[in-house]
Amino acid sequence: MRSSDRGDIAIPNLLALPVRYPALVLAAAQLGLHIWCNGHYGVFRDELYFIACGWRPDWGYVDQPPLMPLIAASSWHIFTGSLRGLRVVPALAGAATVALTVRAAGELGGGLYARWLAGLCVMAAGVLQVFSVLLVTDTLQPLLWTALTLALMPALSGRNGWWWGVGALAGLAFLTKYMVLFQVASLGLGILAMPQRRVLGTHGPWLAALLALAIAAPNLAWQAAHGFPFLELGANAMAGKNIVLSPPAFLREQVLSLNPVTAPVWAAGLIALLTQRAFAGLRWIALGWVALMAMMLMIHAKPYYPAACYPMLMAAGAVALEAWLRPRPLRAAVVGTVIVGGVGLAPLFLPVLPVERFIAYQHALGLEPSTGENRALGTLPQYYADMFGWHALAAKVAQAYAALPAQERAQAVFFAGNYGEAAAVEVLDAGTVPVISAHNNYFLWGPGRYDGSVVLLLARPDRVPIGKFDSCSPVGITNAAYAMPDETGKLLLVCRNRHRLPPVSWPALKHYD
């Protein structure tokens with residue numbers, strides 16, 4: 001289904017060279033955009049937590065595999081606490097994803113128009129841009145999922161050497177986020193429904209599986225040694241943390257999170273993969289999408305969980321539209337819509353506006369903040385709100401700790417209610433204040449030597465833990481206007497003489513969510 005590059009786009013001589021290299025041009029634009037905007041607002045809750053985890057290198061953690069914490073801690077160290085430096089890896093991964101999607105369109109038979117449209121769709125897709133801002137477990141997923149699907153194409157065509165790449169990519173993706181298990185399972189179901197299932201009778205897929213398992217084995221051993229805490233975490237999320245969406249609502253959220261202007265492109269990709277003879281050998285990709293959506297609904301997933309599968313659909317859709325849309329004005333209209341829609345909605349996904357102007361812009365569009373969790377929201381969506389308030393919190397806790405008498409300070413600890421508060425104080429205060437928490441991996445790190453005699457903690461004014469200590473005295477209050485509502489308006493307390501000492505009561509305090 002390859003279109004000739006000649007005639008795809010009318011190219012003035014001055015622009016001929018850059019126009020013929022969409023992967024290079026678009027990847028450079030993506031990288032430049034994120035090097036600029038990734039330093040805005042503040043460090044994100046999960047980024048702080050990953051730094052704290054990376055300071056304690058291990059083969060696994062309660063809520064994620066080991067690779068992203070290691071990258072986070074290394075980036076924080078190399079760039080000496082620079083927010084823009086912390087987010088260099090997301091910027092590079094996003095640029096590589098754009099380039100690889102352009103390459104995918106070419107591999108699927110697309111000419112210049114298809115390659116430009118595919119890359120532009122990734123740049124306009126809001127949630128994929130979020131992954132290029134934040135250093136989180138999703139950062140590398142679009143790149144790795146796209147690469148894994150591309151590696152499967154020649155492997156299923158009989159080029160057995162590609163199975164080693166499939167196995168290596170699957171194992172690496174597993175070490176960044178466990179979601180790749182759903183990608184492998186869904187694509188596997190798609191392959192089983194197609195004639196390519198005959199490949200299971202050869203040694204290639206099984207060697208790939210063994211290689212992936214070997215790469216993942218240290219993390220699996222860690223999970224097994226700790227009772228598979230990630231499964232407990234997932235069960236708690238399904239039991240009430242995540243909002244349960246109906247199939248139509250989940251699909252609607254896919255459209256919104258990926259930017260509605262990209263929906264016609266990736267929907268065209270699905271239709272073409274399912275119905276067009278030219279794509280008959282790749283139908284397993286579309287069937288895999290159907291299986292993946294079913295799995296996401298079963299586990300009450302957040303809408304962004306399967307976002308990494310869409311660059312491949314955008315590439316297929318761009319190739320299909322290149323074949324279907326012959327008139328140049330119609331082709332230009334599609335590209336123009338993607339560009340205008342991408343620019344128009346960019347502030348919703350990229351921190352490009354001052355926060356006050358963003359709030360006004362959001363209201364002008366008639367949008368309200370939303371989240372995939374059962375949590376109250378303020379004026380900002382959770383994605384932005386969780387970038388505010390952490391420096392102020394760390395400073396207040398450090399001030400209260402420094403004000404304690406020397407004898408008490410030797411026994412004092414900040415007991416954080418969640419990993420965000422714990423990591424903010426630990427990372428941003430550079431280790432001055434001892435920190436413990438019973439949330440997620442902080443629980444496994446335990447209470448240390450602290451005996452509960454002097455504890456700094458945060459509590460709502462109506463939830464001061466009277467009765468758990470001999471005394472609790474307020475020494476401050478959190479007041480971050482743009483933070484999540486449950487992270488502001490809390491009293492900072494100095495509590496003395498806990499009635500049940502932490503080593504005795506610690507197991508009962510555990511919460512994985």
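When atom types are taken as modelled, the side chain of Thr488 and the backbone of Ala480 share a donor-acceptor pair closer than 3.5 angstrom. Side chain of Asn259 to main chain of Met123: no donor-acceptor pair is present (N/O by atom type, distance under 3.5 Å, no hydrogens or angles). Under a 3.5 Å cut-off, the side chain of Arg87 and the backbone N or O of Leu83 do not form any donor-acceptor pair. Put simply, the side chain of Glu408 never gets that close to the backbone of Leu404: no donor and acceptor are under 3.5 Å apart. Counting only distance, with no hydrogens or angles, the side chain of Gln362 and the backbone of Arg357 share no donor-acceptor pair below 3.5 Å. Of the possible donor and acceptor atoms, one in the side chain of Gln223 sits under 3.5 Å from a partner among the backbone N and O of Phe230. A donor-acceptor pair is defined here as one N or O able to donate and one able to accept, closer than 3.5 Å; such a pair exists between the side chain of Lys490 and the backbone of Asp486. A donor-acceptor pair under 3.5 Å links the side-chain atoms of Thr139 to the main chain of Val136, judged by distance alone. Looking at Ser257, its side chain does come within 3.5 Å of a backbone N or O of Gln254 through a donor-acceptor pair.
Residue-environment remark: NE2 (His511) exceeds the threshold of 12 foreign heavy atoms within 6.0 Å. More than 12 heavy atoms of other residues, nucleotides or ligands shown are found within 6.0 angstrom of CZ on Arg460. Taking a 6.0 Å sphere around CH2 of Trp222, one finds it holds more than 12 heavy atoms contributed by other residues, nucleotides or ligands. For CD of Glu356, the number of neighbouring non-hydrogen atoms (other residues, nucleotides, ligands) closer than 6.0 Å is greater than 12.
With Tyr419 as the partner, the side-chain hydrogen bond (donor to acceptor under 3.5 Å, both in side chains) test is satisfied by one option alone out of Asp63, Asn441, Asn440, Asp46: Asp46. With respect to Tyr310, the side-chain hydrogen bond (donor to acceptor under 3.5 Å, both in side chains) criterion is satisfied by exactly one of Trp145, Trp266, Trp289: Trp289. Checking Leu100, Val98, Val122, Leu143 one by one against Pro311, the side-chain contact (heavy atoms from CB on, under 4.5 Å) holds for a single residue, Val122.
The shortest distance between side-chain heavy atoms of Met296 and Phe250 falls below 4.5 Å. Between Glu487 and Trp390, some side-chain heavy-atom pair lies under the 4.5 Å cut-off. Taking the side chain as every heavy atom from C-beta outward, Ile299 and Met295 never approach each other to under 4.5 Å. Inter-residue side-chain proximity for Phe349 and Val133 is flagged as unmet; no heavy-atom pair is nearer than 4.5 Å. Val494 places a side-chain heavy atom less than 4.5 Å from the side chain of Val454. Looking at Leu189 and Val290, their side chains never come closer than 4.5 Å, going by heavy atoms from C-beta outward. Looking at His34 and Pro90, their side chains never come closer than 4.5 Å, going by heavy atoms from C-beta outward. Using a 4.5 Å heavy-atom cutoff, the side chains of Arg496 and Phe469 are not in contact.
Separating the CD atom in Glu232 from the CG atom in Asp513 is a distance of 9.5 Å, to the nearest 0.5 Å. For the atom pair Arg84 CZ and His40 NE2, the distance stands at 5.5 Å (nearest 0.5 Å). Within the model, atoms CG of Leu348 and OH of Tyr383 stand 10.5 Å from one another, a figure rounded to the nearest 0.5 Å. The line from CG of Leu251 to OG of Ser246 is 9.5 Å long, rounded to the nearest 0.5 Å. Rounded to the nearest 0.5 Å, atoms CG (Leu458) and CZ (Phe414) are 4.5 Å apart. A distance of 8.0 Å separates OG1 of Thr478 from CG of Leu491, quoted to the nearest 0.5 Å.
Nearest heavy atoms, Ala416 versus Ser437: O-OG, 2.9 Å. For Pro434 against Thr432, the heavy-atom pair with the smallest separation is CD-O, 3.7 Å. The shortest heavy-atom contact between Leu135 and Phe50 is O-CD1, 3.6 Å. Across all non-hydrogen atoms, the minimal contact from Ala307 to Leu128 is O-CD2, 3.7 Å. Taking both residues in full, the closest heavy atoms of Ala27 and Ala99 are given as CB-CB, 4.1 Å, listed atom of the first, atom of the second, then distance. Shown here for Ala72 and Leu86, the closest heavy-atom pair between the two residues is O-CD1, 3.7 Å.
Neither side chain, Tyr305 nor Asp138, offers a donor N or O lying under 3.5 Å from an acceptor on the other. In this model, a donor atom of one side chain and an acceptor atom of the other lie less than 3.5 Å apart for Tyr178 and Asn219. A donor-acceptor pair shorter than 3.5 Å can be found between the side chains of Asn418 and Arg45.
Aromatic ring centres of Tyr41 and Tyr384 lie closer together than 6.0 Å.
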I'd like a table of donor-acceptor pairs (distance under 3.5 Å, sequence neighbours excluded) in which one partner is a side-chain atom from residues 337-344, with atom names and distances.
| residue | atom | partner | partner atom | Å |
| --- | --- | --- | --- | --- |
| Thr337 | OG1 | Ala333 | O | 2.8 |

Could you pull out all donor-acceptor pairs under 3.5 Å where a side-chain atom in residues 392-402 meets a protein atom, sequence neighbours excluded?
| residue | atom | partner | partner atom | Å |
| --- | --- | --- | --- | --- |
| Lys396 | NZ | Ile477 | O | 3.3 |
| Tyr401 | OH | Arg409 | O | 3.2 |

**Message:** Could you go through Val180 and Leu169, starting from their C-alpha distance and side-chain angles, then the distance that decides it, and tell me whether this counts as side chain to side chain contact (heavy atoms under 4.5 Å, CB included)?
**Reply:** CA-CA 10 Å; Val180 72; Leu169 287 165; over 6 Å; no
**Asked** Between Val355 and Thr379, is a side chain to side chain contact (heavy atoms under 4.5 Å, CB included) present by the stated rule, with each step listed?
**Response** CA-CA 10 Å; Val355 65; Thr379 55; over 6 Å; no
**Message:** The test is side chain to side chain contact (heavy atoms under 4.5 Å, CB included); show your working for Leu457 and Cys495 and say whether it passes.
**Reply:** CA-CA 8 Å; Leu457 55 83; Cys495 298; 4.2 Å; yes
**Prompt:** Between Val427 and Trp76, does a side chain to side chain contact (heavy atoms under 4.5 Å, CB included) hold up when you go through it step by step?
**Reply:** CA-CA 10 Å; Val427 173; Trp76 190 256; 3.8 Å; yes
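Ring-plane geometry between Trp445 and Tyr442 is classed as perpendicular, the angle between the planes exceeding 60 degrees on a 0 to 90 degree scale with a lower cut at 30.
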